[in-house]
Amino acid sequence: MSNACFWREEEMADLILGNLAEEKRVRLQRHLADCERCAALFRDWSAVLAPLDPRPQPSPSLKRRLLRRIACERWRSSILERLRTGSQVARAAVLLVCLVSLVGLFAVQRENVVPADLPDASVTRDVAMVMDPHTVLHVVPIVPGNVKSYVWINDTSNEMLILTDGLVPSAEIDYQVWFITEDRRSHVGLLHWQDGMAHLYFRGGELRQVENIAVSIEPKGGSFRPTGPDAIFVNLR
């Protein structure tokens with residue numbers, strides 16, 4: 001050990017942080033080569049103060065997904081807040097966002113589709129529609145198989161959203177939605193599956209003229225005319 005062991009711990013820290021004058025820095029570095037006590041202090045302070053290796057950075061795609069998720073969770077929380085004091089339509093939005101989990105839609109899986117600070121576009125559209133004061137929610141009585149269905153109709157914007165829980169997807173059949181007016185059925189579309197839920201959004205036509213909505217069981221790909229039994233029937237008027 002050097003006889004000139006007068007260095008203080010603060011100077012060890014200053015050396016690590018680059019705060020010593022050049023002449024003093026050189027003398028201390030020479031001293032560390034001879035003094036085990038000071039060298040040990042230097043190692044201890046280095047473990048605390050030495051610059052860390054750069055932390056791993058997420059890939060751009062992962063960062064976008066994380067930012068989307070944060071934005072969606074904040075947006076979802078603001079929707080949930082409406083549950084306490086909101087109208088039936090606001091509660092319907094909560095059904096859409098939470099109960100129905102087009103929550104799968106919150107875990108946005110596609111890349112480069114929407115800005116990172118916005119929810120998925122389809123979620124924004126659907127929730128905006130069900131929260132519109134002109135939108136009417138029809139809760140369909142539970143049918144055999146414990147199938148629960150919700151239908152939102154807006155006669156002003158001519159939008160419809162149907163959401164079901166309890167239907168079983170199959171590789172052999174599809175569930176086809178029909179509008180019924182004066183006992184005539186017109187094709188709307190096939191229910192789409194996500195996270196175990198079946199749903200369909202529609203916009204167009206004069207929905208105020210539609211009297212009922214039916215969801216029939218059809219061969220894969222659907223039919224030009226109904227061929228199977230109705231799994232769901234909604235009386236609108």
Visitor: Is the number of heavy atoms from other residues, nucleotides or ligands within 6.0 Å of CZ (R30) greater than 12?
Guide: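 No.
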Visitor: Indicate yes or no: at least one non-hydrogen side-chain atom of E206 is less than 4.5 angstrom from one of N158.
Guide: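 Touching, per the 4.5 Å side-chain cut-off.
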Visitor: Of all the heavy-atom pairs spanning G228 and S216, show the shortest one and how long it is.
Guide: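 That would be O-CB, 3.9 Å.
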Visitor: Is there side-chain contact between Q29 and F42, with at least one heavy-atom pair below 4.5 Å?
Guide: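 A side-chain contact is absent here, since even the closest heavy-atom pair is not under 4.5 Å.
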Visitor: Please find the pair of heavy atoms, one from M12 and one from C38, that lie closest to each other, and give the distance.
Guide: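 That would be CE-CB, 3.4 Å.
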Visitor: Can you give me the closest heavy-atom contact between F202 and F179, atom names plus distance?
Guide: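 F202 and F179 have their closest heavy atoms at CE2-CE1, 3.5 Å.
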Visitor: Can you check whether V26 reaches L28 side chain to side chain, under 4.5 Å on heavy atoms?
Guide: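 With C-beta onward as the side chain, the pair stays apart.
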Visitor: Mind listing the closest non-hydrogen atom pair of D155 and L207 along with its distance?
Guide: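 Here D155 and L207 meet closest at OD1-C, 3.6 Å.
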Visitor: For the atom pair CE (M197) and NZ (K148), what is the distance rounded to the nearest 0.5 Å?
Guide: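 If we round to the nearest 0.5 Å, M197:CE and K148:NZ are 9.0 Å apart.
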Visitor: Ion pair present between R8 and D14, side-chain N to carboxylate O less than 4.0 angstrom?
Guide: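 Result for this pair is no, no salt bridge flagged.
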Visitor: What are the two closest non-hydrogen atoms of K220 and A171, and how far apart are they?
Guide: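 Here K220 and A171 meet closest at CD-O, 3.7 Å.
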Visitor: Hey, are R27 and E22 close enough for a salt bridge, meaning a charged N less than 4.0 Å from a carboxylate O?
Guide: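 Not counted as a salt bridge, because no side-chain N and carboxylate O are separated by less than 4.0 Å.
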Visitor: Can you find a heavy atom in the side chain of W193 that is under 4.5 Å from one in the side chain of Y175?
Guide: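 A side-chain contact exists here, since the closest heavy-atom pair is under 4.5 Å.
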Visitor: First locate atom CH2 of W152, then atom CG of L137, and finally report the distance between them rounded to the nearest 0.5 Å.
Guide: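 One finds 6.0 Å between CH2 of W152 and CG of L137.
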Visitor: Give a yes or no on whether L167 and L190 share a hydrophobic cluster (residues Ile, Leu, Val, Met, Phe, Trp, Tyr; joining criterion: side-chain heavy atoms under 4.5 Å apart).
Guide: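 No; tracing contacts between hydrophobic side chains, which count when under 4.5 Å, never links both residues.
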Visitor: To the nearest 0.5 Å, what is the distance between OG on S149 and CD1 on I162?
Guide: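 Going from OG on S149 over to CD1 on I162, the span is 6.0 Å.
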Visitor: How many angstroms lie between atom CZ of R203 and atom CG of L161, to the nearest 0.5 angstrom?
Guide: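 Answer rounded to 0.5 Å: 13.5 Å.
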Visitor: Working to the nearest 0.5 Å, report the span between CD1 of I173 and CD1 of I217.
Guide: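 The CD1 atom of I173 sits 5.0 Å away from the CD1 atom of I217.
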Visitor: Would you name the heavy atoms of S157 and E159 that are closest together and state the gap between them?
Guide: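 Nearest heavy atoms, S157 then E159: OG-OE1, 2.7 Å.
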Visitor: Between the main-chain N or O of Q176 and the side-chain N or O of D174, is there a donor-acceptor pair closer than 3.5 Å?
Guide: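 A pair under 3.5 Å: no.
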Visitor: Report yes if some heavy atom in the side chain of V140 is under 4.5 Å from a heavy atom in the side chain of Y150; otherwise report no.
Guide: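 No, side chains not in contact.
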Visitor: Could you go step by step and tell me if V151 and M160 meet the side chain to side chain contact (heavy atoms under 4.5 Å, CB included) rule?
Guide: CA-CA 7 Å; V151 180; M160 179 212 69; 4.1 Å; yes
Visitor: A side-chain contact here means heavy atoms from C-beta on lying under 4.5 Å apart; do T164 and V215 qualify?
Guide: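 No - every pair of side-chain heavy atoms lies 4.5 Å or more apart.
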Visitor: Under the side chain to side chain contact (heavy atoms under 4.5 Å, CB included) criterion, do I213 and I232 qualify, and how do the steps go?
Guide: CA-CA 8 Å; I213 296 175; I232 300 169; over 6 Å; no
Visitor: Side chains of L236 and I153, heavy atoms from C-beta outward: is any pair under 4.5 Å?
Guide: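 Yes. Closest side-chain heavy atoms under 4.5 Å.
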Visitor: Do the side chains of P226 and W178 get nearer than 4.5 Å, heavy atoms only?
Guide: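 Answer yes - side chains close enough.
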Visitor: Could you please spell out the steps behind the side chain to side chain contact (heavy atoms under 4.5 Å, CB included) verdict for V147 and D165?
Guide: CA-CA 6 Å; V147 176; D165 182 17; over 6 Å; no
Visitor: Apply the test salt bridge (charged side-chain N to carboxylate O under 4.0 Å, His left out) to residues R25 and E11: give CA-CA distance (whole Å), side-chain angles for both, the deciding distance (0.1 Å), then the verdict.
Guide: CA-CA 9 Å; R25 179 186 66 77; E11 292 168 312; over 6 Å; no
Visitor: Test side-chain hydrogen bond (donor to acceptor under 3.5 Å, both in side chains) on T181 and E211 and set out the steps.
Guide: CA-CA 5 Å; T181 305; E211 299 169 356; 5.9 Å; no
Visitor: What verdict does the side chain to side chain contact (heavy atoms under 4.5 Å, CB included) test give for N212 and F233, after you've listed the backbone C-alpha separation in whole Å, the side-chain angles of each residue and the deciding distance to 0.1 Å?
Guide: CA-CA 7 Å; N212 304 293; F233 190 89; 3.6 Å; yes
Visitor: Output the distance between atom CH2 (W7) and atom CG (L32), rounded to the nearest 0.5 Å.
Guide: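 Going from CH2 on W7 over to CG on L32, the span is 8.5 Å.
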Visitor: Do other residues, nucleotides or ligands put more than 12 heavy atoms under 6.0 Å from E10 CD?
Guide: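 Check passes, neighbour count above 12.
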